[in-house]
2 protein chains.
Amino acid sequence: MRRDVFQAIADPTRRAIIMLVAVQSMTPNALAEHFDTTRQAVSKHLRILTECELLKQNQSGREIYYQLNGDKMKEIDHWLAQFKKIWESRFNQLDDVLATLKKEKKSNI
Amino acid sequence: MRRDVFQAIADPTRRAIIMLVAVQSMTPNALAEHFDTTRQAVSKHLRILTECELLKQNQSGREIYYQLNGDKMKEIDHWLAQFKKIWESRFNQLDDVLATLKKEKKSNI
DNA sequence: TATTTGCGAAACCAATCGGTTTCTAATTTA
DNA sequence: TAAATTAGAAACCGATTGGTTTCGCAAATA
């Protein structure tokens, strides 16, 4: 199953997990206390976050500490930067102006 | 139906639409040419993007130009900034150190 | 050693998703 | 005015999602 960072952060619970784990590594049980669901449900979220490499596991006996992989978050950053580049440079392009003119021409006839 | 920006950008086709529309406003038909799906499928994506206010409609006769609402993209930006704040300040906190010590103590016995 | 604890896996379920085809309405255009 | 074009709505479909309960396994503890 192909896991995607964007699909991973689509779920609010997973976004909350990311924030919690960003502060400090946590076990599934500790995380589950913050939510109104079962540990198993949290475990499923952790699996998805781990599969797309947003989290890393750190086993200590029978406990598993989940910690954030900050680097992976940069993928979102990168996409946003890419967008901003286009968004900010679009004012230098004639495309929008032309589209507007075309539209106005049509509706003014 | 509650529409969420994060859920909206979870789909790769929708992310591509965002990029295309960031360059210049486009109609559903023009957008659909860039994808291997029907116009109706693209229309559904546009509906979702519009509902969460990432896109705005601009009708011109029977054509509807979809244009990007750059402000809404800032929501993602804001979330990322929030995360970075936590992520970068966590090194100043003792939590991680304490957790590590606790872990090491346990596994060394 | 027996019991408890922490965890993931599996099986199941209703709801949602992304896609299709078909249909309807409105605006161009011939 | 008739035909073509643009676009959303509706009905449908299989796959995926996020949740549950039940289970098994390994590690800690009594």
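So you know, we letter chains A, B, ... as the sequences are listed, proteins then strands, and number each from 1.
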Mind checking what makes side chain to side chain contact (heavy atoms under 4.5 Å, CB included) contact with B:L80, not counting sequence neighbours? A:M73, A:I76, A:D77, A:L80, B:F83
So does A:T37 get a side-chain nitrogen or oxygen closer than 4.0 Å to the phosphate oxygens (OP1/OP2) of D:dG19? no
Is there a side-chain polar atom (N or O) of B:H45 under 4.0 Å from OP1 or OP2 of C:dG19? yes
Show me the pairs that pass ring-ring contact (aromatic ring centres under 6.0 Å, His included) and involve residues 4-59 of chain A, at least two apart or across chains. A:F6-A:W79
For B:Y66, answer base if it contacts any base atom (sugar-phosphate contacts may also be present), sugar-phosphate if it contacts only those atoms, and nothing otherwise; contact means non-hydrogen atoms under 4.0 Å. sugar-phosphate
Could I get the full list of side chain to side chain contact (heavy atoms under 4.5 Å, CB included) partners for A:Q40, not counting sequence neighbours? A:T38
When you check the phosphate oxygens OP1 and OP2 of C:dA10, does a side-chain N or O of A:Q40 lie under 4.0 Å from one of them? no
Tell me, for nucleotides 1-6 of chain D in 5' to 3' order, what letter each nucleotide earns: B for a base near a protein heavy atom under 4.0 Å, S for only sugar-phosphate near one, - for neither? ---BBS
Applying the 4.5 Å side-chain criterion to the ILVMFWY set and letting contacts propagate, would A:I48 and A:L55 be lumped into a single cluster? no
Hey, is the side chain of A:Q7 poking within less than 4.0 Å of OP1 or OP2 on D:dT17, counting only N and O atoms? yes
Residues forming a salt bridge (Lys or Arg N to Asp or Glu O under 4.0 Å) with B:D71, sequence neighbours excluded: B:K74
Ignoring hydrogens and angles, does a donor from either the side chain of A:K44 or the base of C:dG8 sit under 3.5 Å from an acceptor on the other? no
Rounding to an integer number of Å, can you tell me how far A:L46 CG sits from C:dA9 C1'? 14 Å
Expressed as a whole number of angstroms, how long is the span from A:D11:CG to D:dT16:P? 18 Å
Applying side chain to side chain contact (heavy atoms under 4.5 Å, CB included), can you list everything that pairs with B:L31, at least two apart in sequence or on another chain? B:I17, B:L20, B:V21, B:M26, B:V42, B:L46
Ignoring backbone atoms, establish whether B:S43 has a side-chain N or O less than 4.0 Å from OP1 or OP2 of D:dG8. yes
